[in-house]
Amino acid sequence: MLDLKFLRDNLDEVERRLATRGGAIDLGDFRALDDSRRALLSDAENLKAERNQVSALIGRTKDKSQVQGEIVRMKAVSTRIKELDEELRQVEENLKALLMTLPNLPEANCPLGQSEADNPELRTWGEPTQLGFEPKPHWDLGEDLGIIDFERATKIAGARFSLSKGAGARLERALSNFMLDTHTQGGKYTEVLPPFMVNRDTMTGTGQLPKFEADLFHMDDPDYFLIPTAEVPVTNIFRDEILDGAELPICYTAHTPCFRKEAGAHGRDTRGLIRQHQFNKVELVKFARPEDSEVELEKLLADAEGILQALKLPYRVVDLCTADIGFSAARTFDIEVWLPAQQTYREISSCSSFGDFQARRASIRFRREAGSKPEFVHTLNGSGLAVGRTVVAVLENYQQADGSVVIPEVLRPYMGGLEKIS
RNA sequence: GGAGGAGUGGCCGAGCGGCCGAAGGCGGCGGUCUUGAAAACCGUUGAUGCGCAAGCGUCCGUGGGUUCGAAUCCUACCUCCUCCGCCA
């Protein structure tokens, strides 16, 4: 959510900066709603002030017959207040609805662009893997090795689900544990295990609602949503709270399944593990002071990159342009891992800074010092990493000519010493 | 799922339909005293909206209602606690 006052005072600038995301955003309604809100508010408040005053007088008067006229008059005033409050409620509802559907302002140094084709590549790490033979895609590797069963997953649930077994299931678990252990080492991040189903307020706090309900799995018996990422429950840990500034930054990591409908992705990445309705992810979430968020984003990105480096998987870092960053994000860096079978880099992590956008929606604040005014924190998060896609990267990059897959060294302790899947 | 009880400021806790944004305590902050600290004492200490400001409004789990006036009365919902049942 954008700051109402900032929006009011900088309407043109906001419109211009939001336009860099692509797709016109019309703020024409805003001015009218905002004006009428303030007019109604002022009318209602004046009447309330009068009512408070006169009611106090009535209270002080022992002989009520002396103030009978005032009582009758206040009855009418109260009726009028009720009407104004109702009008105000509707205007505020509309205003809030508008506000809640406005995306975040891209940060000033977010590169301008029209589409993902305009995302600058910041750096690459490692050389694209040279195998010296025709690489198999991971779905063939997985099925040939008997560690991934797509057909039966489809029988059990449907398209875009997978079933891992044996060394495949263990590889997924090994990666998850390796990532969590790495991030929590030395107390860098605190591990949390949040609910995988959340309520509407929580989904609204991080920006999935009200605009993107179609992307979410929803149950209506209790009105719950399956989380599309751990960002949602973890960021909302401090919803409606005021934190002690001395505790910032607060850094959490969480390993959770993620559930996504992938609505609108028909026909894209239909084979393999790349795009699933359910996948595991280790997430990194930070709450930081505004002046620290830029540095914290760099550190978070480095932490995510560290996993790929330890696994010796080649990757590149891309700076998402204004047209490609998500609804709530102010700045995003994607990490893309090299996939030999596709001869391309594919997204494996997305690290974003949200400024105070989520903090304002979810009301997450902090006090610099005891007694000082509460300020909004900055929230950040990133994948560290998407576990399913990391399985894909390991299988494809570590495959051998004979169809076996070598286990990356750092994972072997997590695989019971196993060095190769064959 | 059934039966009872409870939700007040960072925490504990009082609160008669008007004098309550709310006693008191703890904690926090400032001060006095002290070489320093503790103790003691004094003072101070919620959030938010509109407004240049003075100021005014709103918030006692949430929504609705009664009333000139609601933390206080009525109502629905939510959450928590206790007991019973069921259960990994």
Side-chain angles (χ1 to χ4, degrees), chain A residues 1-11 30-100 193-205 209 219-225 233 236-248 250 257 287 356 359-377:
Chain A
M1 190 162 67
L2 301 178
D3 179 24
L4 189 66
K5 277 187 190 140
F6 181 81
L7 188 56
R8 185 183 297 149
D9 297 338
N10 303 277
L11 205 57
F30 172 79
R31 187 75 76 186
L33 280 171
D34 187 49
D35 286 347
S36 95
R37 167 175 177 264
R38 283 190 287 171
L40 285 166
L41 192 61
S42 144
D43 287 355
E45 287 190 351
N46 286 337
L47 286 178
K48 282 178 186 174
E50 185 185 0
R51 183 181 66 183
N52 287 345
Q53 241 181 331
V54 175
S55 289
L57 174 75
I58 294 170
R60 268 182 267 116
T61 308
K62 290 261 167 59
D63 180 2
K64 300 296 183 212
S65 66
Q66 287 182 0
V67 288
Q68 205 48 48
E70 296 295 63
I71 289 179
V72 171
R73 194 163 66 84
M74 283 308 108
K75 205 179 179 78
V77 167
S78 269
T79 306
R80 181 62 188 144
I81 288 174
K82 223 166 259 186
E83 289 166 7
L84 286 171
D85 273 349
E86 175 56 22
E87 276 182 70
L88 186 62
R89 193 193 60 74
Q90 280 180 19
V91 168
E92 287 192 325
E93 197 178 287
N94 292 339
L95 188 63
K96 185 161 190 212
L98 175 69
L99 228 46
M100 292 306 264
L193 182 60
F196 302 158
M197 296 192 223
V198 299
N199 58 34
R200 242 164 230 284
D201 285 345
T202 293
M203 276 298 178
T204 306
L209 291 182
M219 12 258 294
D220 46 41
D221 181 355
D223 187 21
Y224 289 149
F225 294 90
N236 276 279
I237 287 174
F238 297 121
R239 175 154 50 82
D240 295 324
E241 292 192 33
I242 299 174
L243 303 169
D244 177 357
E247 288 171 11
L248 300 177
I250 294 172
F287 304 86
D356 61 8
R360 182 171 277 112
R361 285 182 161 241
S363 189
I364 307 170
R365 293 172 292 173
F366 76 103
R367 248 186 258 276
R368 285 184 187 274
E369 283 155 38
S372 58
K373 281 283 162 198
E375 298 171 51
F376 290 111
V377 301

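Proteins get letters first, then strands, A, B, ... in listed order; numbering begins at 1 in each. Because the structure is a prediction, the values reported are computed rather than measured.
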* To do: Determine: side-chain N/O of A:R38 to OP1/OP2 of B:rG49, distance under 4.0 Å, yes or no.
  => no
* **Candidates A:R73, A:Q68, A:Q66 - the one meeting side chain to side chain donor-acceptor pair (under 3.5 Å) with A:E70** => A:R73
* Which ranges of RNA chain B pair up as stems, where a stem means three or more consecutive Watson-Crick or G-U pairs with both distances under 3.5 Å? -> B:1-7 with B:78-84, B:10-12 with B:24-26, B:27-32 with B:40-45, B:46-50 with B:55-59, B:61-65 with B:73-77
* Close side-chain approach of A:K48 to A:D85, heavy-atom, < 4.5 Å -> yes
* Separation of atom CG in A:D63 from atom C1' in B:rG18, rounded to whole Å -> 16 Å
* Below 4.5 Å, heavy atoms only, C-beta onward: do A:F225 and A:L209 meet side chain to side chain? -> yes
* Asked: Does A:K5 have a side-chain nitrogen or oxygen under 4.0 Å from the phosphate oxygens OP1 or OP2 of B:rG49?
  -> no
* Could you check how far CG of A:L33 sits from P of B:rC50, rounded to whole Å? => 15 Å
* Determine the interatomic distance between P on B:rC52 and the same-named atom on B:rC68; round to the nearest Å. => 36 Å
* Polar side chain donor-acceptor pair, A:N199 to A:T202, under 3.5 angstrom -> yes
With 3.5 Å as the limit, what N/O pairs link the protein to nucleotides 60-65 of chain B?
none

* Taking atom C1' of B:rC78 as reference, at what distance in whole Å does atom OH of A:Y224 sit? -> 11 Å
* To do: Give a yes or no on whether the backbone of A:F6 and the side-chain of A:N10 come within a donor-acceptor separation of less than 3.5 Å.
  => yes
* To do: Could you give the distance separating B:rG21 and B:rA70 at their P atoms, to the nearest angstrom?
  => 11 Å
* Rounded distance in Å between the P positions of B:rA71 and B:rG57 -> 13 Å
* Asked: Would you find a donor on one side and an acceptor on the other, under 3.5 Å apart, between the side chain of A:R367 and the backbone of A:S372?
  -> yes
* Structure fact -> Whole-Å distance, A:E241 CD to B:rC11 P, equals 10 Å
* Spacing of the C1' atoms in B:rA53 and B:rC59 (rounded, Å) -> 24 Å
* Asked: When the C1' atoms of B:rG5 and B:rG10 are considered, how many whole Å apart are they?
  -> 26 Å
* Asked: In whole Å, what is the span from the CD1 atom of A:I81 to the P atom of B:rU66?
  -> 14 Å
* To do: Could you measure between the two P atoms, the one in B:rG28 and the one in B:rG69, and give it in whole Å?
  => 43 Å
* **With A:Y224, the side-chain contact (heavy atoms from CB on, under 4.5 Å) member among A:M203, A:M197, A:R200** => A:M197
* So do A:D201 and A:D240 actually touch side chain to side chain, heavy atoms under 4.5 Å? -> no
* Taking for each residue the nucleotide of RNA chain B bearing the nearest heavy atom, is the 5' side occupied by A:I58 or by A:R365? -> A:R365
* Asked: Distance check: side-chain N/O of A:S78 vs OP1/OP2 of B:rG69, anything under 4.0 Å?
  -> yes
* Where the side chain of A:S42 meets the backbone of A:R38, is there a donor-acceptor pair that is under 3.5 Å apart? -> no
* To do: Keeping the roles fixed (side chain from A:R361, backbone from A:T204), state whether a donor-acceptor pair exists under 3.5 Å.
  => yes
* A:F238 side chain near A:I250 side chain, heavy-atom distance below 4.5 Å -> yes
* **A:R60 side chain near B:rC19 phosphate (N/O to OP1/OP2, under 4.0 Å)** => no
* To do: With a 4.0 Å heavy-atom cut-off, tell me which residues in residues 42-54 of chain A come close to RNA chain B, sorted by residue number.
  => A:E45, A:K48, A:A49, A:R51, A:N52
* Which whole number of Å gives the distance between the C1' atom of B:rG9 and that of B:rG25? -> 14 Å
* Asked: Taking it one step at a time, do A:R89 and A:E86 satisfy salt bridge (Lys or Arg N to Asp or Glu O under 4.0 Å)?
  -> CA-CA 5 Å; A:R89 193 193 60 74; A:E86 175 56 22; 3.0 Å; yes
* Between A:R367 and B:rA47, is there a side-chain N or O to OP1/OP2 distance below 4.0 Å? -> yes
* To do: For B:rU72 versus B:rC86, give the span between their C1' atoms, rounded off to a whole number of Å.
  => 40 Å
* **Atom-to-atom span, CG of A:D3 to P of B:rG49 - whole angstrom** => 9 Å
* Could you go step by step and tell me if A:E93 and A:K96 meet the salt bridge (Lys or Arg N to Asp or Glu O under 4.0 Å) rule? -> CA-CA 5 Å; A:E93 197 178 287; A:K96 185 161 190 212; over 6 Å; no
* Could you check which of B:rC68, B:rG51, B:rU48 has an atom nearest any side-chain atom of A:R8? => B:rG51
* To do: Classify the nucleic acid contact of A:L41 as base, sugar-phosphate or nothing, counting any heavy atom under 4.0 Å across all strands shown.
  => sugar-phosphate
* Asked: Taking atom P of B:rU48 as reference, at what distance in whole Å does atom CZ of A:F376 sit?
  -> 8 Å
* Structure fact -> Whole-Å distance, A:K64 NZ to B:rG18 P, equals 11 Å
* Asked: Of all the choices, B:rU48, B:rG69, B:rC50, which nucleotide is nearest to the side chain of A:S55 once you look at every atom?
  -> B:rG69
* Asked: Is any side-chain heavy atom of A:L4 closer than 4.5 Å to a side-chain heavy atom of A:R37?
  -> yes
